> 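Supplied in structure tokens, the structure appears directly below.
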Amino acid sequence: MDVRVRYAPSPTGLQHIGGVRTALFNYFFAKSQGGKFILRVEDTDQERYSDESLQDLYDTFKWLDIHWDEGPDVGGEFAPYVQSERQAIYQEYAQKLIDDGMAYYCYCSSERLQQLREQQVASKSSTQGYDRACRDLTAEQRAEYEKQGILPVIRLKVPEKGVTAFDDILLGTIKRQNSDISPDPVIMKSDGMPTYHLANVIDDHFMKITHILRAQEWIPSGPLHVIMYKAFGWEPPIYCHLPMVMGKDGQKLSKRHGSTSLRDFIKDGYLPEAIINYVTMVGWSYDDSREFFTKEDLEQLFSIEKINKAPGVFDYKKLQWFNGQYIRQKSDSQLAELVLPYLQDAGFVSNPTTDKQNQILFQLIPIVKERLRLLSDIVAVSEFLFKGPKEYEAELLIPKKKQASDAAAIIASLKSSILPIFDMSDSDAEAYIVEEISNQGFKTGDYLMVLRVALTGSTVSPPIVESIKIFGKEKSLAALDVAENKILSLI
RNA sequence: GUCUCCUUCGUCUAGAGGUUAGGACUCCGGAUUUUCAUUCCGGCAACAGGGGUUCAAUUCCCCUAGGAGAUGCCA
């Protein structure tokens, strides 16, 4: 069988990480089977549609470097791939359902429906949903409503008796009493647009989709779709309902758990490699040990059988760990390029950069590379180089178990002994300073910590000898003067 | 309320009748290191509960409990 799968997002918001994962599972499944991956834009909700969302969809997958074989932008045999451009088909098939007695017009107002729902909830009614008031309207009644100018919706006539079942590769057979299926859902809205249920069945059929991989939240509408396939006399595709992605508290992953839109992850400084790798590991595994996979690996190795059934909690910590791993795999020049926008946003360097700034960047990358988990971490670790030491208390200069006078002595020594290192290589500079320290009888740790605090205003920094050279002679001496004044005020 | 799905360390997971229940993240130690980070070693930590089936259940079946999802003119 030639596998054909689709990702069918609705452009009503920014691409959610959960949606991205669904897309990835579809994509990897298609690739691993030598099949086709199709993008279909489900823009049937006129109210919530936005151009920005549509653009975000394209931006997201471009950033991930994931491409579809057929879609609105690349075309394909079954175009158009945008549902709003396929209205005629939906109209035709909705009409067919009506002609066959499988669907009917409904004139109920949304006010009445809402009231009905509220009552059902309040009374804890055992049946919840539409009361099928219009299911058996006579021609006269319909004519009366039409005369009032009410625009009807079309509802599917769900059988009241019997059972509907479908097979899921992962979950096995899923059975449901017809009486438990959502009573007569709307398949065509009063604005002439289809709802998801109708549109996806028709499109999946005509686009020859073979497998549907979608989130488990869709399970309840499975039987509904099967009823429609039967009504049309079509063969349903193979279903595979994917486990959902949850937040730490076990609820559906949402904004309050952290970033959820891919756009936010990008802004936070995640790499596409890390996102792709981590996100597919939530709900899928290869074996008992391997967990690093490139996109290309996954295109080969992905398999539906290894998908987990249980929902997975999205662990931001582990994602960060993956990200750090991938950052360390970058070459210095790649990383410089990746990190540059964050430096520019922080106002540390100009856009475009000057030669001098490039020079600093070039020296900076190797000493911060293994200190980054997110690209955006670059701002915190390099701030002192661009902005100077941050405000600090004089006490911070005093080494552990030492006096202010000890710190003063170190600073005095520092002011002269650092002078020669600006013309040396990093390793020479380090050797020189270490020897200076022992010659003068100081403790290396104490000595360098005083230097660190004076230069950065913090006890944490990248290697300080390398840092001081990037910082420059002028600024270093100025910082030492400031430190000296601070410490003298304590004596 | 009803229906459906799910249930191995805190988290992601391996396991598919017989294992000291394995790995990873997190956390805690230790080593390396001028701090932090990296790296390397080590440690804590799990089969939801109860019944069956079986010589033998984490693994198969049933029940209970817990969790989630659906119940829209949203997808």
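In what follows, chains are A, B, ... by sequence order, proteins preceding strands, each numbered from 1. The structure presented is a predicted model; accordingly, all values stated were derived computationally and were not measured.
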> Is the distance from OP1 or OP2 of B/C12 to the nearest side-chain N or O of A/Lys317 less than 4.0 Å?
no

> Quick one: look up who B/U2 pairs with, Watson-Crick or G-U, both distances under 3.5 Å, and put none if it's unpaired.
B/A70

> Report the distance from atom CD1 of A/Ile470 to atom NZ of A/Lys475, rounding to the nearest 0.5 Å.
11.0 Å

> Indicate, with a heavy-atom threshold strictly under 4.0 Å, whether A/Asp288 touches base, sugar-phosphate, or nothing.
base

> For nucleotides B/A14 and B/C6, find the distance between their P atoms and express it as a whole number of Å.
15 Å

> Partner of B/A21 by Watson-Crick or G-U wobble geometry, both contacts under 3.5 Å, or none?
none

> What string of B, S and - do you get for nucleotides 34-50 of chain B, 5' to 3', if B is base contact, S is sugar-phosphate-only contact and - is no contact with any protein heavy atom under 4.0 Å?
BBBBSS-----------

> By the side-chain hydrogen bond (donor to acceptor under 3.5 Å, both in side chains) test, which pairs, at least two apart or in different chains, include something from residues 368-396 of chain A?
A/Asp332-A/Lys369

> Please state the P separation for the pair B/A21 and B/C47 - nearest whole angstrom.
12 Å

> I need the residues from residues 386-402 of chain A with at least one non-hydrogen atom less than 4.0 Å from RNA chain B; give them sorted by number, or say none.
none

> Can you tell me if the side-chain N/O atoms of A/Thr44 get under 4.0 Å from OP1 or OP2 in B/A75?
yes

> Do A/Asp184 and A/Tyr104 have side-chain N/O donor and acceptor atoms under 3.5 Å apart?
yes

> Using a distance-only test with no angle check, is there a side-chain donor-acceptor pair under 3.5 angstrom linking A/Tyr81 and A/Asp203?
no

> Quick one, A/Glu291 with A/Lys318, criterion salt bridge (charged side-chain N to carboxylate O under 4.0 Å, His left out). Give me CA distance, side-chain angles, the key distance, then yes/no.
CA-CA 12 Å; A/Glu291 61 177 348; A/Lys318 184 140 191 187; 3.1 Å; yes

> Can you tell which of B/C73, B/C3, B/C5 lies closest to the side chain of A/Ser190?
B/C73

> Using a cut-off of under 3.5 Å, enumerate the N/O to N/O pairs linking the protein to nucleotides 60-67 of chain B.
none

> So, A/Asp249 versus A/His257: side-chain donor-acceptor pair below 3.5 Å or not?
yes

> Please measure how far the C1' atom in B/G50 lies from the corresponding atom in B/U13, and state the result in whole Å.
27 Å

> Are a donor atom and an acceptor atom from the side chains of A/Ser53 and A/Asp56 found within less than 3.5 Å of each other?
no

> Heavy atoms only, 4.0 Å cut-off, all strands: where does A/Met244 land among base, sugar-phosphate and nothing?
sugar-phosphate

> Quick one: label A/Lys306 by what it contacts on the DNA or RNA (base, sugar-phosphate, nothing), any heavy atom closer than 4.0 Å.
sugar-phosphate

> Using a cutoff of under 3.5 Å, can you pull out all pairs of nitrogen or oxygen atoms linking the protein to nucleotides 70-72 of chain B, with atom names and distances?
from, atom 1, to, atom 2, distance (Å)
B/A70, OP1, A/Lys252, NZ, 3.3
B/U71, O2', A/Gln128, O, 3.3

> Would you say the side-chain atoms of A/Asp268 and A/Ser259 include a donor-acceptor pair closer than 3.5 Å?
yes

> Please confirm whether A/Tyr278 and A/Phe265 have ring centers closer than 6.0 angstrom.
no

> For B/C40, give the paired nucleotide (Watson-Crick: N1-N3 plus N6-O4 or O6-N4; G-U: N1-O2 and O6-N3; both under 3.5 Å), or none.
B/G30

> Have a look at A/Lys318 and say if it touches a base, only the backbone sugar-phosphate, or nothing, with a 4.0 Å heavy-atom cut-off.
base

> Would you say B/U7 has OP1 or OP2 under 4.0 Å from some side-chain N or O of A/Asn308?
no

> With a cut-off of 6.0 Å (strictly less than), are more than 12 heavy atoms of other residues, nucleotides or ligands near CD of A/Gln148?
yes

> With a 6.0 Å cut-off on ring centres, are A/Phe302 and A/Phe25 close enough?
yes

> Is it the case that over 12 heavy atoms from other parts of the model lie below 6.0 angstrom from the OH atom of A/Tyr145?
no

> Among B/A75, B/U13, B/U11, which nucleotide has an atom closest to any side-chain atom of A/Ser285?
B/U13

> Take atom P in B/G29 and the same atom in B/U38, then report the distance between them in whole Å.
15 Å

> With a 6.0 Å cut-off (strictly less than), is the heavy-atom count around CD of A/Gln46, excluding the residue itself, greater than 12?
yes

> Rounded to whole angstrom, note down the P distance from B/U58 over to B/U19.
10 Å

> A/Tyr326 and A/Asn277: side-chain donor and acceptor closer than 3.5 Å?
yes

> Between B/U7 and B/G49, how many Å separate the two C1' atoms, rounded to a whole number?
12 Å

> Have a look at A/Lys369 and say if it touches a base, only the backbone sugar-phosphate, or nothing, with a 4.0 Å heavy-atom cut-off.
nothing

> Do A/Gln91 and A/Gln95 have side-chain N/O donor and acceptor atoms under 3.5 Å apart?
no

> Can you check the distance between B/U8 and B/G23, where both ends of the measurement are the C1' atom (answer in whole Å)?
13 Å

> Take the angle between the ring planes of A/Trp68 and A/Tyr58 and call it parallel below 30°, perpendicular above 60°, tilted in between.
tilted

> Given the C1' atoms of B/C12 and B/U26, what is the spacing between them in whole Å?
11 Å

> What contact category does A/Gly283 fall into here, base, sugar-phosphate, or nothing, at under 4.0 angstrom with non-hydrogen atoms?
sugar-phosphate

> For the side chain of A/Thr12 and the base of B/C74, is some donor closer than 3.5 Å to an acceptor across the two?
no

> Reckon A/Val282 touches a base, only the sugar-phosphate, or nothing at all at heavy-atom distances under 4.0 Å?
sugar-phosphate

> Which residues, if any, of residues 166-173 of chain A bring a heavy atom under 4.0 Å of RNA chain B?
A/Leu171

> Tell me, with the steps shown, if A/Leu54 and A/Tyr49 meet side chain to side chain contact (heavy atoms under 4.5 Å, CB included).
CA-CA 8 Å; A/Leu54 185 62; A/Tyr49 170 87; 3.5 Å; yes

> Respond yes when some side-chain nitrogen or oxygen of A/Lys309 is under 4.0 Å from OP1 or OP2 of B/A16, and no when none is.
no

